[in-house]
Amino acid sequence: MGEKTSGRRFVSLKLKWAIGTAVGSLLIFLIVAMAMFSSFTQRLFDEERGLLNQGMVTISRQLGQINQPLTKHNVQAALVQHVTGAAQYQRPIIQDLSDGHMVVRIYNQQRQPVLSTGHHLVPVALTNHRRIRLVKGPNHKVIVGQMPVYARHNHRLIGYLQVENRLNAYYRNYRQLRLVMILALCLVVLASGILGYLLSMLFLRPLNDVHDTVKVISKDPTKDVRVPVPNHNDEMTELATMFNEMLDQTQRYIKQQSQFVNDVSHELRTPIAIIQGHLDMLQRWGKDDPKVLNDSINASLVETERMKNLVQEMLDLSRAEQVDINFRNQKTVVNDVVHQVYNNFKELYPDFVFILDDDLDEPIMANIYRDHLEQVLVILCDNAVKYSTDRKEVHLSLSRGMNTVEIGIQDFGVGIPPEDIDRVFDRFYRVDKARSRKKGGNGLGLSIAKRLVEGYHGSITLESSVGAGSIFRIILPIVGDPEAIN
Ligand code: ADP
């Protein structure tokens, strides 16, 4: 399956499917990961900010106890050496904060530094308001907090405090998390791509079978290959079944076509041979013999008439196959047509007895084109007359079913043997070929009648007994209100 069609590059469905699933899972993962990542890092950041705030509060409280302007000495005593006494096991606050990557700087009232636990990176303006801000550092952002320090007992300003959290732990976690996310993302995309590819390979396997079958059939349309129908019941099973049915139908159609051509050429061969025979005879010695000349011309005329009828019937047959498309909305009052055909036949064959048994008490309308109904009735009545023997009687009947109207045509003639009952509706089929030919039959009448009736969603049935006669029944669905057609 690697051909180019319509100038476009062939891109396998499997590849498209794999790319689709990979992109889909990439998007979903990105959305979920981003949400998780941002909430997680926000929490980390809030924690760091909380730490800084807590540190500032603790130190300022400690410094407030000094109760006089801050100097290097008293600050050191208050903060760094605060290890003895009741808080024996407590480490100095400054050291604790430095361990936690915070830098503390303390200023006196004149804003001059008196103590610093590290090298300050970010200079900030010292004000009398407590402020915590996120500011730009040399490598990344840092949180800086600054506040005035007041003496505890008289609330006088004794100095300033600045604490800087360099966010080292935060950025370390941030980078780690980002790496994990990127790795997980790659894994998800790769895994979903591979999974998509494998799944599509599995699902599309029946398409390969269809492809192979089409390839074989396109080389030889009569080949008896079919797509293997998958066991599981899904769309592919439906496709394979439908495809096989389509192949069956197409091959049946091809067979019918070639059978039709065979049948037609076979049917034409006899009249052509007869005409040719007569012409040969005339050419050799018949021209001067008026009797031979007359006989030959008459015989040839009979055969040409037969060929003309044959051609007309073949045309009718092919048209009968399309009534469903061309005459779908035609409606006819059945009673009228049956009465008309009955009267015509009575006049045409005065030596026959025609009986019409009409059970209908109102006009009944069927969905059939008037000329077609007439054609069917003429074919059946013609046959009834043609195949009658001693008892020259034809019974017509007209009755109503639930939603159908039924027309019966019965004769008391030769009848049809049981084995031929189904076959008489086939093209060119004749029970007794010689007899039918003698009566001008081509074996197409019943197949035209059947196709016409079935084209209008009706049916035609036959009961017959050899020597006793036959009865044909046409059943047509009833439609609408007969008053509406005029
Ligand atoms: P044909 O033109 O030969 O009559 P049809 O298709 O009308 O062709 O009929 C096919 C064959 O069915 C006939 O050749 C004949 O053998 C048989 N058949 C049709 N109608 C009757 C009938 N009413 N009685 C006996 N045989 C019939």
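Remember, it's 1-based here, ligands and their atoms both numbered in the order they're listed.
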What is the nearest protein non-hydrogen atom to [atom], stated with its residue, atom name and distance?
atom                    : result
atom 26 (N) of ligand 1 : I416 CG1, 3.3 Å
atom 10 (C) of ligand 1 : Y429 O, 3.2 Å
atom 16 (O) of ligand 1 : V431 N, 3.0 Å
atom 23 (N) of ligand 1 : D411 OD2, 2.8 Å
atom 14 (O) of ligand 1 : R430 CG, 3.0 Å
atom 21 (C) of ligand 1 : Y387 CD1, 3.4 Å
atom 3 (O) of ligand 1  : S436 OG, 2.6 Å
atom 5 (P) of ligand 1  : L446 N, 3.5 Å

Tell me whether the count of non-hydrogen atoms from other residues, nucleotides or ligands lying under 6.0 Å of CG in D351 goes above 12. yes
Indicate yes or no: does an N/O atom of F472 lie under 3.5 Å from an N/O atom of ligand 1?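 In fact, backbone or side chain, F472 has no N or O that close.
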Between K386 and ligand 1, does any nitrogen or oxygen pair lie at a separation below 3.5 Å? yes
side-chain contact (heavy atoms from CB on, under 4.5 Å) with V144: of N165, V163, I132, V135, only one passes, and it is V135
Which of these, D382, V341, V334, sits in a side-chain contact (heavy atoms from CB on, under 4.5 Å) with L377?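 Exactly one option meets the side-chain contact (heavy atoms from CB on, under 4.5 Å) with L377, and it is V341.
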Counting each atom of ligand 1 from 1 as listed, which ones have a heavy atom of [X] under 4.0 Å away?
X    : value
V424 : 10 (C), 12 (O), 17 (C)
L444 : 6 (O), 8 (O)
V414 : 25 (C)
G443 : 1 (P), 2 (O), 3 (O), 6 (O), 8 (O)

With no hydrogens and no angle check, do the side chains of D46 and Q42 hold a donor and an acceptor under 3.5 Å apart? yes
Indicate whether the side chain of N244 and that of T241 have a donor and an acceptor atom separated by less than 3.5 Å. no
Looking at non-hydrogen atoms alone, which of L380, V394, N383 comes nearest to atom 19 (C) of ligand 1? N383
Please find the pair of heavy atoms, one from F327 and one from N367, that lie closest to each other, and give the distance.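 Of all heavy-atom pairs spanning F327 and N367, the closest is O-ND2, 4.5 Å.
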Looking only at non-hydrogen atoms, find the nearest pair between I254 and P221 and report the distance.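 Where I254 meets P221 most closely, the heavy atoms are CD1-CB, 3.9 Å.
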Could you walk me through whether D316 and Q312 satisfy the side-chain hydrogen bond (donor to acceptor under 3.5 Å, both in side chains) test, starting with their C-alpha distance in whole Å, then the side-chain angles of each, then the deciding distance to 0.1 Å, before giving a yes or no? CA-CA 6 Å; D316 288 347; Q312 182 56 47; 3.1 Å; yes
Ligand 1 contact on N442 by region, counting heavy-atom pairs under 4.0 Å: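 It is the backbone that gets close, since no side chain atom is under 4.0 Å.
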Sub-4.0 Å heavy-atom contact, G413 with ligand 1: no
May I ask you to decide if the ring planes of F352 and Y349 are parallel, tilted or perpendicular, using 30° and 60° as cut-offs?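 The rings of F352 and Y349 stand perpendicular, inter-plane angle above 60°.
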Taking only Lys NZ, Arg NE, NH1 and NH2, and the carboxylate oxygens of Asp or Glu, determine whether R427 and E267 approach each other closer than 4.0 Å.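 A salt bridge is absent here (no side-chain N lies under 4.0 Å from a carboxylate O).
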Do R226 and D248 sit within salt-bridge range, that is, some charged N less than 4.0 Å from a carboxylate O? yes
